[in-house]
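Computed from a predicted model, the values in this text were never measured in an experiment.
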Amino acid sequence: TEGVGENPLAGTSWLVTGLYDGDAGEVASALEGTTLTVDFGATGGLNGTSGCNTYSARYVLDGSALSITPPRSTSMTCAEPAGIMEQEIVFLTAVKATASFSTEAEQLYLSDASDQVVLELVQRDR
């Protein structure tokens with residue numbers, strides 16, 4: 001169990017409540033009718049749902065620094081709700097851009113290298 005105590009994200013599961021759209025320059029809520037999740041495994045695996053598809057990646061935690069490998073995703077196309085595929089691209093881009101994290105109460109914030117919050121998440125039960 002060495003190192004597990006140093007990883008507060010290990011074994012946690014999160015639901016995305018907001019994601020940063022670089023084009024719009026703001027954090028927007030996830031589309032109604034979509035579920036975006038991030039599940040941190042105990043051994044560096046990361047997976048979840050990106051609205052339409054599922055994805056997996058690896059993560060490395062060092063203090064508050066968090067790096068995530070480019071996610072690999074299934075390749076289904078969903079038509080509903082409108083904008084779901086565009087949101088998926090924004091979400092996966094945000095996951096890949098993550099450089100640090102912070103927590104506040106039941107919330108998790110993932111930020112990019114310029115300290116812009118790219119994902120806002122709330123803890124969920126698996």
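Across all their heavy atoms, Pro71 and Lys96 have their closest contact at CD-CB, 4.0 Å. Annotation for Asp112 and Ala99: closest pair C-CB, 3.7 Å, computed over non-hydrogen atoms. Residues Ser50 and Leu92 approach most closely at CB-CD2, 4.1 Å, considering heavy atoms. In plain terms, the two heavy atoms of Leu31 and Ala82 that are nearest each other are CD1-O, 3.5 Å. Taking all atoms of both residues into account, the shortest heavy-atom contact from Ile84 to Ala79 is CG2-C, 4.4 Å. Taking each heavy atom of Met76 and Met85 in turn, the nearest pair found is O-CE, 3.6 Å.
Side-chain contact between Glu32 and Pro81 is absent, with no heavy-atom pair separated by less than 4.5 Å. Contact of the Val27 side chain with the Glu120 side chain is registered, since non-hydrogen atoms from C-beta on lie closer than 4.5 Å. You'll find the side chain of Leu121 reaches within 4.5 Å of the side chain of Leu110, heavy atoms only. You'll find the side chain of Leu119 stays beyond 4.5 Å of the side chain of Leu108, heavy atoms only. Counting heavy atoms from C-beta outward, Phe91 and Val38 have side chains that approach closer than 4.5 Å.
Counting only distance, with no hydrogens or angles, the side chain of Asn7 and the backbone of Ala10 share a donor-acceptor pair below 3.5 Å. Checking side-chain atoms of Asp39 against main-chain N and O of Gly48 turns up no donor-acceptor pair under 3.5 Å. Under a 3.5 Å cut-off, the side chain of Thr49 and the backbone N or O of Thr35 do form a donor-acceptor pair. A donor-acceptor contact shorter than 3.5 Å links the side chain of Tyr59 to the backbone of Gly41. At least one donor-acceptor pair under 3.5 Å links the side chain of Glu88 to the backbone N or O of Cys52. Judged by distance alone, the side chain of Thr74 and the main-chain N or O of Thr54 form a donor-acceptor pair under 3.5 Å.
Under the 4.5 angstrom side-chain criterion for Ile, Leu, Val, Met, Phe, Trp and Tyr, Ile89 has no cluster partners at all.
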*Please report the C-alpha distance between Leu36 and Leu19 in whole Å, then the side-chain angles of each, then the deciding distance to 0.1 Å, and finally whether the side chain to side chain contact (heavy atoms under 4.5 Å, CB included) criterion is met.*
CA-CA 10 Å; Leu36 307 173; Leu19 60 163; 4.1 Å; yes

*For Thr98 and Ser67, run side chain to side chain contact (heavy atoms under 4.5 Å, CB included): C-alpha distance rounded to whole Å, both residues' side-chain angles, the deciding distance at 0.1 Å, then the answer.*
CA-CA 6 Å; Thr98 297; Ser67 59; over 6 Å; no

_Verdict with supporting geometry, Leu9 and Leu66, side chain to side chain contact (heavy atoms under 4.5 Å, CB included)_ = CA-CA 10 Å; Leu9 298 177; Leu66 172 63; 4.1 Å; yes

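Counted by atom type alone, Ser13 and Arg124 present one or more donor-acceptor pairs between their side chains at under 3.5 Å. No side-chain donor from either of Ser56 and Asn47 sits under 3.5 Å from a side-chain acceptor of the other. Using a 3.5 Å distance cut-off with no hydrogens or angles, the side chains of Gln87 and Thr34 do pair a donor with an acceptor.
Judged as a side-chain hydrogen bond (donor to acceptor under 3.5 Å, both in side chains), not a single pair has a partner in residues 15-28 (not counting sequence neighbours).
Ring to ring, Phe101 and Tyr109 are not that close: their centroids are 6.0 angstrom or more apart.
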